[in-house]
Amino acid sequence: MKTKIEGPVRVRFPPSPTGFLHVGGARTAIYNELLRQSLGGSLVLRIEDTDRARSDQAMTEQILSALRWIGVTWDEGPTLQSAGVDRHRSVAWRLLAEGKAYHDFVAPEAVAAKRDEMQKAKQNFRYKDHFPPPSADEAKERMERGEPFAVRFVMGDEPIVVSDIVRGEVTFGDEMLDDLIILRSDGTPTYHLTVVCDDIEARISHVIRGEDHLSNTPKHIALYRALDEEPPVYGHLPLIMGPGKKRLSKRHGAASAEEFREQGLLPQALYNYLAFLGWSPGDEREIMSREELIGAFTAERLGSSAAVFDPEKLAWVNAQYMSGLPLATILEHLAPFLPEVGIDLSALDESVRARFEAGVDLHRTRAKNLIELASFAVPYVRDRLDYDADLCAKFLKQEALRGQLEQLIEQFGSLEAWTVESTEVAMRSVAEAAEVKAGVLIHPTRMALSCSKAGPSLFDLVAAMGQEASLRHLGHFVAFLRANA
RNA sequence: GGCGCGUUCGUCUAGGGGUCCAGGACGCCGGCCUCUCACGCCGGUAACACGGGUUCGAAUCCCGUACGCGCUACCA
């Protein structure tokens, strides 16, 4: 039975600052945001930094930055899980005092040995079947002797039913229900204790997380009950896989949001693509903005089977945004990639800047990403271009071409109106006078203006470049042909 | 080993007993457009994991098998 969700909701996204924001995590964040935005309520961001050794401030910043880049917004936090350690510990003491947890003096090695033994005998292993809790007196005595101990939570034997938004009711029988450590012998709380405590503390109503936590959920529910708290509504998302439904890793291309950012993808595209990995609006829309997704999102439509991450489809979605977003938005996202190709926007005067923007607008439909777009923009701002003799080999061999291009320069130079139409008329008349097909002039001209054999329709290119820059490049190109003939 | 989850074109998915000889999208192939390359447009390719049931009728419900993934930590 799927549970219908009603708002307002209090949801959370708790990344560990131990690395980059994985696409799976990014998608979890997106669904939580979509749920919160569509139903009202709050999304709280919590940094799970209890594993101090592997966490640091830079990593946390990295994750926040990736979240902001992709366009996920949150209402509360980021709060640090590490700030609640005393609270977590006192909850463990409380459970101990209420007899819902006990002191565990068994050495980890002894447990591991037993586990291995059972594993070899192909038997199910449960801690509580082999290591009975110490009596109160024994525990007291051993504590006084200074023996190290962990705190273990008592799991009942009653089956626990998880009512999951995406999977319906999932029952866990007693084979899986085992006493679990909530406080390590060094006094630090374990994950299961901390999530439950923090979700209670933040009054979380809905926990939407990865499927890897589904089997952990009965433990969490037991903890809620032991603390006399109502468990949240759960929803476990299928995992994002690599090719062949194997675990997704860097080997399959990018696996983190940061990498896509560096590759020059638009965040709108990643957001859109990720939202569709495991969810669909039910109609035939594929390209939906964050706002449209918020309007259409319902948790009931979340899928339950694992999806393979497909960089090719992401590339297509990206291309849709490259051509569909307002120019100003493209320009904004393009800015960080400009220094790489030697463009300093602040140093450009107004006319060059206008030329640059016209060029970006003209090339955006054929650039796969922002890196490519940036390089396409170079000829619009640079005074002189460097031509490649190999690429131009064909033009170098055409002796008549130089003279024809000079004719063209003359014609272009005398044009009063510089438009797609006027330049085309001028070029065709030069071609006609020289008794060659227009293509004979069009291709070298494209090369002269863009250093490339392929590109936009030539007259669009010429119009965007403007008269002055077009003539200048053409002049340089003829000189280049002469010098290398 | 135990337990849990999953399985529709290569990939993302629609579908939830008859309207499905299974629809859309990416990819791939072909065509149109054309000064090139893209975009766009048109067409094609290709799937209900397997086996049993239930039913007049199953992609849809039930059981089993296979495969994949997850959990089974003093990791999170």
Side-chain angles (χ1 to χ4, degrees), chain A residues 14-16 18 48 50-51 54 81 104 106-108 111-112 115 118-127 148-152 162 164 166-167 170-178 180-192 194-195 210-219 236 238-239 241 243-247 273 276-287 301 303-317 319-320 322-323 363-368 424 427-428 431 437-443 445-447 452-459 461:
Chain A
S16 323
T18 51
E48 308 235 311
T50 36
D51 193 0
R54 303 182 58 206
Q81 180 159 74
D104 174 12
V106 180
V111 182
R115 190 183 300 125
M118 295 300 282
Q119 177 70 253
K120 276 206 188 87
K122 297 189 189 301
Q123 300 268 299
N124 185 213
F125 172 81
R126 280 155 107 218
Y127 179 88
F149 65 89
V151 175
R152 209 174 265 271
V162 177
D164 192 281
V166 342
R167 286 156 217 287
V170 182
T171 305
F172 292 86
D174 62 337
E175 315 89 329
M176 268 301 284
L177 272 20
D178 197 9
L180 65 133
I181 290 188
I182 53 178
L183 223 52
R184 300 184 187 93
S185 48
D186 67 359
T188 58
T190 60
Y191 169 74
H192 297 113
T194 56
V195 245
E211 191 186 8
D212 47 344
H213 283 110
L214 181 56
S215 301
N216 287 150
T217 305
K219 300 170 191 168
H236 289 93
L239 269 17
M241 314 304 282
K245 294 223 197 290
K246 300 289 179 192
R247 239 201 135 91
Y273 176 72
F276 271 72
L277 263 193
W279 180 87
S280 90
D283 52 38
E284 283 168 1
R285 284 176 291 179
E286 297 268 351
I287 300 300
R301 292 196 61 83
S304 57
S305 57
V308 173
F309 189 89
D310 180 9
E312 298 226 22
K313 186 144 189 183
L314 206 211
W316 174 78
V317 174
Q320 297 298 306
M322 287 288 276
S323 53
H363 286 82
R364 58 201 289 212
T365 55
R366 74 200 74 230
K368 286 199 284 290
E424 176 159 12
M427 176 168 283
R428 291 198 187 280
K437 286 206 268 185
V440 172
L441 297 180
I442 285 174
H443 297 295
T445 304
R446 176 175 292 110
M447 180 61 74
S452 170
K453 284 179 164 174
S457 169
L458 183 74
F459 304 104
L461 175 62

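Given the structure is predicted, the values throughout are model-derived calculations rather than measurements. Numbers restart at 1 for each chain; the letters A, B, ... are given by sequence-line order, proteins then strands.
Of the residues near RNA chain B, A:G282 and A:H443, the one whose nearest nucleotide (by heavy atom distance) lies more toward the 5' end is A:G282. Comparing A:L277 and A:K453, the nucleotide of RNA chain B nearest to each residue sits closer to the 5' end for A:L277.
Residues that satisfy the side-chain contact (heavy atoms from CB on, under 4.5 Å) test with A:E312, not counting sequence neighbours, are A:D310. Looking at residues two or more places apart in sequence or on another chain, you find a side-chain contact (heavy atoms from CB on, under 4.5 Å) between A:K368 and A:E372. Listed by chain and number, the residues in a ring pair (Phe, Tyr, Trp, His ring centres under 6.0 Å) with A:H192 are A:H220 (sequence neighbours excluded). Qualifying side-chain contact (heavy atoms from CB on, under 4.5 Å) partners for A:Q320, counting only residues two or more places apart in sequence or in other chains: A:I287, A:W316. For the ring pair (Phe, Tyr, Trp, His ring centres under 6.0 Å) test, residues two or more places apart in sequence or in another chain that qualify with A:Y273 are A:F309. In this structure, the side-chain contact (heavy atoms from CB on, under 4.5 Å) partners of A:P456, at least two apart in sequence or on a different chain, are A:L362, A:H363, A:R366. Residues that satisfy the ring pair (Phe, Tyr, Trp, His ring centres under 6.0 Å) test with A:F149, not counting sequence neighbours, are A:H103, A:F105.
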Under 3.5 Å, which N/O atoms of the protein pair with N/O atoms of nucleotides 39-43 of chain B?
| from | atom 1 | to | atom 2 | distance (Å) |
| --- | --- | --- | --- | --- |
| B:G40 | OP1 | A:Q320 | NE2 | 3.3 |

Just the table, please: protein N/O against nucleotides 2-11 of chain B N/O, every pair under 3.5 Å.
| from | atom 1 | to | atom 2 | distance (Å) |
| --- | --- | --- | --- | --- |
| B:C5 | O2' | A:R167 | NH1 | 2.4 |
| B:C5 | O2' | A:E211 | OE2 | 2.6 |

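Separating the CG atom of A:L239 from the C1' atom of B:C12 is a distance of 16 Å, rounded to the nearest angstrom. When rounded to the nearest whole Å, the span between CD1 of A:I442 and C1' of B:U36 equals 9 Å. In this structure, the CD atom of A:E48 is 7 Å from the C1' atom of B:A76, given to the nearest Å. Atom NZ in A:K219 sits about 11 Å away from atom C1' in B:A76, given to the nearest Å. We find that CZ of A:F459 is positioned 12 Å from C1' of B:U36, with the value rounded to whole Å. At whole-Å resolution of the value, CD1 in A:I181 and P in B:A73 are 10 Å apart. Residue A:M118 contributes atom CE, which lies 17 Å from atom C1' of B:A73 at whole-angstrom precision. Rounding to whole angstrom units, CZ of residue A:R285 and C1' of B:U13 are separated by 15 Å.
Inter-residue side-chain proximity for A:V166 and A:H236 is flagged as unmet; no heavy-atom pair is nearer than 4.5 Å. In this structure, the side chains of A:H213 and A:V195 stay at 4.5 Å or more apart for every pair of heavy atoms. Residues A:H443 and A:K453 fail the side-chain proximity criterion, which asks for heavy atoms closer than 4.5 Å.
Across all strands shown, A:R115 has heavy atoms under 4.0 Å from sugar-phosphate atoms exclusively, and none from any base. Within the 4.0 angstrom heavy-atom criterion, no nucleotide atom of any strand lies near A:P238. Base contact: A:G455 has a heavy atom under 4.0 Å from a base atom. Counting non-hydrogen atoms under 4.0 angstrom, A:H213 reaches a base of the nucleic acid. At a threshold of 4.0 angstrom between heavy atoms, the contacts of A:E284 are confined to the sugar-phosphate backbone, with no base atom among them. Using a 4.0 Å heavy-atom distance criterion, A:D212 is classed as a sugar-phosphate-only contact. Among the heavy atoms of the strands lying under 4.0 Å from A:V106 is at least one base atom, whether or not backbone atoms are also near. Among the atoms of the strands shown, only primed sugar atoms or phosphate atoms (P, OP1, OP2) are found under 4.0 Å from some heavy atom of A:M241. Note on A:L458: a base of the nucleic acid sits closer than 4.0 angstrom, heavy atoms only. A:P14 comes within 4.0 angstrom of nothing in the nucleic acid, heavy atoms only.
Spacing of C1' atoms, B:U7 relative to B:C32, comes out at 40 Å, to the nearest Å. For the C1' atoms, the distance linking B:G53 with B:G44 amounts to 39 Å, nearest Å. For the P atoms, the distance from B:U11 to B:G27 is 16 Å, rounded to whole Å. Taking the C1' atoms as reference points, B:G51 lies 25 Å from B:G10, given to the whole Å. For the C1' atom pair drawn from B:U54 and B:G2, the interatomic distance equals 31 Å after rounding to whole Å. Across B:A47 and B:G15, the matching C1' atoms stand 13 Å from one another, rounded to whole Å. Annotation: B:A59 and B:G52 have their P atoms spaced 14 Å apart (nearest Å). B:C69 sits 26 Å from B:C74 when the C1' atoms are compared, rounded to a whole Å.
OP1 and OP2 of B:A73 both lie 4.0 Å or more from every side-chain N or O belonging to A:R152. When the side-chain nitrogen and oxygen atoms of A:R247 are compared with OP1 and OP2 of B:C69, none of them lie within a distance under 4.0 Å. OP1 or OP2 of B:A76 sits under 4.0 Å from a side-chain N or O of A:R184. Contact check, A:R446 against B:C37: no side-chain N or O comes under 4.0 Å of OP1 or OP2.
Across all strands shown, B:A73 forms no Watson-Crick or G-U wobble pair with both key distances under 3.5 Å. Using the Watson-Crick or G-U wobble rule with both distances under 3.5 Å, B:A59 pairs with nothing in any strand shown. The nucleotide B:C41 finds its pairing partner in B:G31, both defining distances of the Watson-Crick or G-U wobble pair being shorter than 3.5 Å. Taking a pair to require two hydrogen-bonding distances under 3.5 Å in either a Watson-Crick or a G-U wobble arrangement, B:G16 remains unpaired. Both distances falling under 3.5 Å, in either a Watson-Crick or a G-U wobble arrangement, place B:U7 opposite B:A66. The partner of B:A46 cannot be assigned: no Watson-Crick or G-U wobble pair with both contacts below 3.5 Å exists in any strand.
Taken from CE in A:M427 to CZ in A:F459, the straight-line distance is 5.0 Å, to the nearest 0.5 Å.
Among B:U36, B:A76, B:G24, the nucleotide with an atom closest to any side-chain atom of A:T190 is B:A76.
Contact annotation: side chain of A:H363 to base of B:A38, donor-acceptor pair absent below 3.5 Å. For B:A76, the base has a donor-acceptor partner in the side chain of A:N216 [N/O atoms by modelled type, under 3.5 angstrom].
Ion pairing between a basic and an acidic side chain is recognised when a charged N comes within 4.0 Å of a carboxylate O; A:R285 and A:D283 show such pairing.
Put simply, the side chain of A:R126 never gets that close to the backbone of A:M176: no donor and acceptor are under 3.5 Å apart.
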Worked verdict on A:D104 versus A:Y127 for side chain to side chain donor-acceptor pair (under 3.5 Å)
CA-CA 11 Å; A:D104 174 12; A:Y127 179 88; 2.7 Å; yes

